[in-house]
Protein chains: 2
Amino acid sequence: MKLKIGELAEKANVTRRTIDYYTNIGLLQAERSPSNYRYYDYSAIERLNFIEECKHAGLSLDDVKKKLNERDAEEIDVLDLRLKIKGLEKEVSNVVVQLENKNNIELKSLRKKISNESLSLIQTLLLLIKD
Amino acid sequence: MKLKIGELAEKANVTRRTIDYYTNIGLLQAERSPSNYRYYDYSAIERLNFIEECKHAGLSLDDVKKKLNERDAEEIDVLDLRLKIKGLEKEVSNVVVQLENKNNIELKSLRKKISNESLSLIQTLLLLIKD
DNA sequence: ACTAAAAACCATCACGTTATAGTTTTGGAG
DNA sequence: CTCCAAAACTATAACGTGATGGTTTTTAGT
């Protein structure tokens with residue numbers, strides 16, 4: 001379920017007009033219903049809070065826009081990373097399948113050969129996950 | 001001499017904000033000084049009056065914009081016509097020069113040959129000039 | 001006539017406001 | 001439960017407003 005402007009306004013503690021304005025200048029995005037009503041998703045609440053913080057820190061909405069664009073870019077990077085990780089996972093599971101077809105001796109030597117790499121990969125993944 | 005926003009506002013009997021707004025949405029044009037002040041020329045007064053009339057007649061500013069665009073297009077047409085007339089004048093004066101090099105008999109027959117055309121041209125020009 | 005400082009102007013931002021017109025929700029009548 | 005009208009909500013237009021930060025003009029003193 002998405003939020004109508006009034007609901008979002010209440011939840012984010014700003015006026016409708018502010019949301020209207022932000023939407024017009026591209027700080028917020030909204031889907032439009034067939035009757036042209038705007039529908040915001042819940043992430044807009046946090047986005048509005050973030051904007052308020054930035055404003056409180058003395059930034060102009062234009063500055064905030066840049067910040068948000070950076071953040072969005074990071075978000076996209078994250079998505080990217082996620083995709084890459086998914087790809088890696090697939091590769092790894094493929095390797096696992098290969099391993100299952102090996103005999104014990106081959107298996108052990110192979111495991112040794114890649115143990116370093118997999119370890120450091122796991123460590124990096126842990127860094128990403130923690131916090 | 002051009003008008004600053006306050007001067008135009010007073011002369012046209014609207015607020016500065018209105019002029020600001022109209023300028024932003026492209027209803028009015030302004031030159032900018034090096035310090036970014038807007039400078040309007042006197043025709044803006046009449047333009048503003050026109051806009052007020054249109055609004056009074058129930059038109060939206062968007063409608064007014066269209067009307068003004070038409071008017072501006074006509075203006076351009078007029079400029080075009082003026083140019084053409086200037087061109088014609090040149091042609092005519094060339095003909096006059098030619099005539100001056102003719103003898104009387106040739107001259108008379110020539111005059112007869114073109115009298116119809118020049119008469120109707122003159123009449124059309126008169127139509128353009130009057131009121 | 002020259003200058004410094006106040007007064008008057010101007011631009012832009014970030015909403016606020018009022019009016020108009022369409023949409024959705026809701027409380028009751030049947 | 002259904003239908004419908006009032007109440008609540010929404011979109012957009014066309015400025016209004018107050019704050020902030022420059023620019024120009026005016027004015028008063030030297």
Side-chain angles (χ1 to χ4, degrees), chain A residues 1-69 71, chain B residues 1-69 71:
Chain A
M1 215 37 192
K2 304 231 165 180
L3 299 164
K4 287 198 279 192
I5 192 170
E7 300 164 337
L8 176 55
E10 191 179 353
K11 286 185 198 292
N13 206 35
V14 300
T15 68
R16 287 188 186 75
R17 174 60 172 133
T18 298
I19 295 177
D20 179 34
Y21 184 59
Y22 290 179
T23 307
N24 283 333
I25 66 175
L27 273 181
L28 289 174
Q29 250 132 289
E31 289 172 27
R32 295 292 183 137
S33 75
S35 61
N36 202 34
Y37 275 30
R38 298 162 178 141
Y39 281 92
Y40 299 89
D41 56 46
Y42 281 80
S43 66
I45 301 172
E46 185 262 7
R47 204 174 171 85
L48 277 168
N49 290 335
F50 179 74
I51 295 174
E52 283 308 301
E53 278 178 41
C54 289
K55 272 176 34 186
H56 198 265
L59 300 190
S60 74
L61 291 186
D62 223 60
D63 296 338
V64 177
K65 202 171 178 179
K66 282 167 198 157
K67 275 214 158 205
L68 281 174
N69 281 340
R71 225 185 55 162
Chain B
M1 215 36 191
K2 303 230 168 181
L3 300 165
K4 286 198 279 192
I5 192 170
E7 300 165 338
L8 176 56
E10 192 180 352
K11 286 185 196 294
N13 206 38
V14 299
T15 68
R16 287 188 187 77
R17 174 59 173 136
T18 299
I19 295 176
D20 178 35
Y21 184 60
Y22 289 178
T23 307
N24 284 333
I25 65 174
L27 273 181
L28 288 174
Q29 251 131 290
E31 288 172 28
R32 294 291 182 138
S33 77
S35 61
N36 204 33
Y37 276 29
R38 296 162 177 142
Y39 281 91
Y40 299 89
D41 57 45
Y42 281 80
S43 65
I45 302 171
E46 184 261 8
R47 204 174 170 84
L48 277 167
N49 290 335
F50 179 73
I51 296 173
E52 283 307 302
E53 277 178 43
C54 288
K55 271 177 33 186
H56 199 265
L59 298 191
S60 73
L61 291 185
D62 222 61
D63 295 338
V64 177
K65 201 170 179 181
K66 282 168 198 159
K67 274 213 160 204
L68 281 173
N69 282 339
R71 227 185 51 165

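Just so it is clear: chains get the letters A, B, ... in the order the sequence lines come, proteins before strands, and each one is counted from 1.
- Mapping B/Glu7 and A/Ser33 onto DNA chain C by nearest heavy atom places B/Glu7 closer to the 5' end of the strand.
- Looking at heavy atoms from C-beta onward, B/Arg32 lies in side-chain contact with B/Arg38 at the 4.5 angstrom threshold.
- Residues B/Leu68 and B/Arg71 have side chains in contact (heavy-atom distance under 4.5 Å, counting atoms from C-beta outward).
- Regarding B/Asp20, its CG atom lies at a distance of 10 Å from the C1' atom of C/dC10, rounded to whole Å.
- Axis deviation across the helix from C/dA1-D/dT30 to C/dG30-D/dC1 amounts to 30°, comparing end segments of five pairs, rounded to 10 degrees.
- A distance of 10.0 Å separates CG of B/Leu28 from OG1 of B/Thr18, quoted to the nearest 0.5 Å.
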Using atom types as modelled, flag every donor-acceptor pair under 3.5 Å from a side chain in residues 3-14 of chain A to any protein atom, sequence neighbours excluded.
from   : atom 1 : to     : atom 2 : distance (Å)
A/Glu7 : OE1    : A/Lys4 : N      : 2.7

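- With rounding to the nearest 0.5 Å, the separation of CD in B/Gln29 from CG in B/Asp41 is 9.5 Å.
- When the P atom of D/dT10 is taken as reference, atom CD of A/Glu10 falls 10 Å away, rounded to whole Å.
- Listed nucleotides: C/dA11, D/dT12, C/dT25. Nearest to the side chain of B/Asn36: C/dA11.
- Between A/Asn24 atom CG and C/dG16 atom C1' there is a gap of 15 Å when expressed in whole angstrom units.
- Atom CZ in A/Arg32 sits about 6 Å away from atom P in D/dA11, given to the nearest Å.
- Atom NZ of B/Lys67 sits about 9.5 Å away from atom CG of B/Asp63, to the nearest 0.5 Å.
- When rounded to the nearest whole Å, the span between NE2 of A/His56 and P of C/dA14 equals 16 Å.
- Spacing between atom NZ of A/Lys65 and atom P of C/dA14 amounts to 11 Å, rounded to whole angstrom units.
- Rounded to an integer number of Å, the gap from B/Ile5 CD1 to D/dT24 P is 15 Å.
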(message) What verdict does the side-chain contact (heavy atoms from CB on, under 4.5 Å) test give for A/Lys55 and A/Glu52, after you've listed the backbone C-alpha separation in whole Å, the side-chain angles of each residue and the deciding distance to 0.1 Å?
(response) CA-CA 5 Å; A/Lys55 272 176 34 186; A/Glu52 283 308 301; 3.2 Å; yes

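- Using a 4.0 Å cut-off between a side-chain N of Lys or Arg and a carboxylate O of Asp or Glu, B/Arg17 and B/Asp20 qualify as a salt bridge.
- The separation between A/Tyr37 atom OH and C/dT25 atom P is 8 Å, rounded to whole Å.
- For the OP1/OP2 pair of C/dC10 and a distance below 4.0 Å, the side-chain nitrogens and oxygens of B/Ser35 include no atom meeting the criterion.
- Contact check for B/Arg47 versus B/Tyr40: no side-chain heavy atoms found under the 4.5 Å cut-off.
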(request) Going 5' to 3' through nucleotides 13-21 of chain D, assign each nucleotide B (protein heavy atom under 4.0 Å from a base atom), S (under 4.0 Å only from sugar-phosphate atoms) or - (no protein heavy atom that close). (result) -BBBB----

